[in-house]
S.K.: 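Structure in structure tokens, see below.
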2 protein chains.
Amino acid sequence: MATAPATDPEADHDDLAFDVFARDCGSRKVLKTVAHAWGILILVALRDGGCRFNELRRRVDGVSEKMLSQTLHSLERDGMVHREAQPTNPPRVDYELTDLGRAVADRLFSVIELVEERMPEVQAAQQAYDDRGR
Amino acid sequence: MATAPATDPEADHDDLAFDVFARDCGSRKVLKTVAHAWGILILVALRDGGCRFNELRRRVDGVSEKMLSQTLHSLERDGMVHREAQPTNPPRVDYELTDLGRAVADRLFSVIELVEERMPEVQAAQQAYDDRGR
DNA sequence: CGGGATCCCCCATGATACTG
DNA sequence: CAGTATCATGGGGGATCCCG
């Protein structure tokens with residue numbers, strides 16, 4: 001139940017194709033995890049090098065422990081992040097990108113770059129939109 | 001209140017820099033809109049050419065009228081989508097990407113491509129993770 | 001057709017507290 | 001430090017109705 005592309009009749013034309021535009025395709029769930037606000041930020045933050053939980057928390061300003069932990073688990077499950085726990089005391093756990101994770105993070109980063117770069121344009125558009133509104 | 005980068009003391013080193021990693025930076029909101037599941041899907045769906053509401057709804061399988069309408073408004077406000085209403089009857093409204101929207105959509109598309117491409121890897125990771133879990 | 005307005009439910013998220 | 005557990009809430013998001 002947890003696999004393959006869409007499960008609906010018309011979609012079985014090709015067992016190997018994944019399509020995020022299909023309501024039930026597994027790839028959409030992955031996209032959701034990865035593209036999710038915290039997901040993006042965490043993935044991209046890890047591009048600067050693997051690091052530990054609290055360090056990561058500091059890099060991603062505003063994320064709660066819970067969300068960080070939770071998102072990290074999802075990303076680990078999807079094979080984007082590797083978790084390395086060392087049985088020392090105090091406990092030390094390092095998180096780093098997998099190859100897949102890095103590939104995804106790189107592309108996500110290019111989105112971030114673009115957005116940051118074009119923010120003035122965005123703000124102008126917002127201004128215009130809001131003004132027109134009244 | 002609705003502008004500029006972060007509002008915190010340490011961040012004023014550069015008035016022009018936007019940083020999505022800063023909790024209160026406006027760019028994070030934009031990223032959230034754009035990277036949001038429906039946002040991505042809608043933006044990328046529009047790469048195939050501008051189209052009308054219901055056509056768009058068909059392209060993005062599973063989106064409700066409300067979410068489509070709502071997301072479209074956000075994207076329009078952020079200057080990603082242009083809305084062209086024709087006063088005909090029945091009403092006809094076309095949505096299309098702005099230049100900025102296309103730039104963003106192109107990069108988002110590359111993320112989608114990558115994810116779809118690597119789904120087998122993802123599924124394997126999920127399998128392994130779930131198995132290890134017991 | 002193209003939506004706006006409503007109702008409502010459930011999940012995502014944050015705050016707090018506890019454990020190893 | 002590195003989390004997990006629990007609780008409370010806001011709003012994301014679906015369903016439905018209606019209007020122009």
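Throughout, protein chains are lettered first and strands after them, A, B, ... in sequence-line order, and every chain is numbered starting at 1. The analysis underlying the following values was restricted to heavy atoms, covering all of them including side chains, and did not include hydrogens, waters or symmetry mates.
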S.K.: Between atom NE2 in A/His36 and atom C1' in C/dC11, what is the gap in whole Å?
M.R.: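 Going from NE2 in A/His36 over to C1' in C/dC11 covers 11 Å.
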S.K.: Is it the case that A/Arg59 places NZ or CZ above or below the six-membered ring of B/Phe21, under 6.0 angstrom from the centre and within 45 degrees of the axis?
M.R.: no
S.K.: In whole angstrom, what separates B/Leu56's CG from C/dC1's P?
M.R.: 14 Å
S.K.: Any Lys/Arg nitrogen of A/Asp130 or A/Arg132 sitting under 4.0 Å from an Asp/Glu carboxylate oxygen of the other?
M.R.: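 So A/Asp130 does not pair with A/Arg132 through a salt bridge.
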S.K.: When you measure from the side chain of A/Glu116 to the backbone of B/Val20, do you find a donor-acceptor pair of N or O atoms at a distance under 3.5 Å?
M.R.: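 Flag set: sc A/Glu116 to bb B/Val20 pair under 3.5 Å.
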S.K.: Just the rounded figure in Å: distance from C1' of D/dA5 to CG of A/Leu68.
M.R.: 17 Å
S.K.: Of the listed nucleotides (D/dT4, C/dA12, C/dG4), which one gets closest to any side-chain atom of A/His73?
M.R.: D/dT4
S.K.: Between B/Glu55 and B/Arg52, does any NZ, NE, NH1 or NH2 come within less than 4.0 Å of an OD or OE carboxylate oxygen?
M.R.: no
S.K.: Out of C/dT13, C/dA17, D/dA2, which has the shortest distance to the side chain of A/Val93?
M.R.: D/dA2
S.K.: Which of the following nucleotides, C/dG2, C/dA17, C/dG4, is nearest to the side chain of B/Ser69?
M.R.: C/dG4
S.K.: With the side chain of B/Lys66 defined as its heavy atoms from C-beta on, choose the nearest nucleotide among C/dG2, D/dA2, D/dG14.
M.R.: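 Side chain of B/Lys66 sits closest to D/dG14.
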S.K.: Could you tell me the separation between the CD1 atom of B/Ile42 and the P atom of C/dG3, rounded to a whole number of Å?
M.R.: 12 Å
S.K.: Nearest whole angstrom, please: distance from the P of C/dC1 to the CZ of B/Arg57.
M.R.: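 Going from CZ in B/Arg57 over to P in C/dC1 covers 10 Å.
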S.K.: Look at the side chain of B/Asn54 and decide which nucleotide, out of C/dG2, C/dG4, D/dG14, has an atom nearest to it.
M.R.: C/dG2
S.K.: Can you measure B/Gln86 atom CD to C/dC1 atom P for me and round it to whole angstrom units?
M.R.: 16 Å
S.K.: Please pick, from D/dG14, C/dG14, C/dA17, the nucleotide with the shortest atom-to-atom distance to any side-chain atom of A/Met67.
M.R.: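 It is C/dG14.
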S.K.: Of all the choices, D/dC1, C/dC1, D/dT4, which nucleotide is nearest to the side chain of A/Pro90 once you look at every atom?
M.R.: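 Of D/dC1, C/dC1, D/dT4, D/dC1 is nearest to the side chain of A/Pro90.
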S.K.: 5'-most contact on DNA chain D: A/Lys32 or A/Arg92, nearest heavy atom basis?
M.R.: A/Arg92
S.K.: Quick one: A/Glu55 CD to D/dG3 P, roughly how many Å, whole number?
M.R.: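 For the pair A/Glu55 CD and D/dG3 P, the rounded distance is 14 Å.
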S.K.: Out of D/dG13, C/dC1, D/dC1, which nucleotide sits closest to the side chain of A/Pro91?
M.R.: D/dC1
S.K.: If you draw a 6.0 Å radius around CG in A/Asn54, do more than 12 non-hydrogen atoms from other residues or ligands fall strictly inside?
M.R.: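 Yes, the 6.0 Å shell around CG holds more than 12 heavy atoms from other groups.
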S.K.: Can you find a heavy atom in the side chain of A/Leu41 that is under 4.5 Å from one in the side chain of B/Arg28?
M.R.: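 With C-beta onward as the side chain, the pair touches.
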S.K.: When you measure from the side-chain N and O atoms of B/Arg52 to the phosphate of C/dG2, is any distance below 4.0 Å, counting only OP1 and OP2?
M.R.: yes
S.K.: Base, sugar-phosphate, or nothing for B/Gln70, non-hydrogen atoms under 4.0 angstrom?
M.R.: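 B/Gln70: no heavy atom of the nucleic acid under 4.0 Å.
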S.K.: Would you indicate which nucleotide in C/dT13, C/dG2, D/dA2 comes nearest to any side-chain atom of B/Arg83?
M.R.: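 Minimum distance to the B/Arg83 side chain belongs to C/dG2.
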S.K.: Give the rounded distance in Å between these two atoms: NZ of B/Lys29 and C1' of D/dG11.
M.R.: 16 Å
S.K.: Given D/dG14, C/dG2, D/dT4, identify the nucleotide with an atom nearest to the side chain of B/Ser64.
M.R.: D/dG14
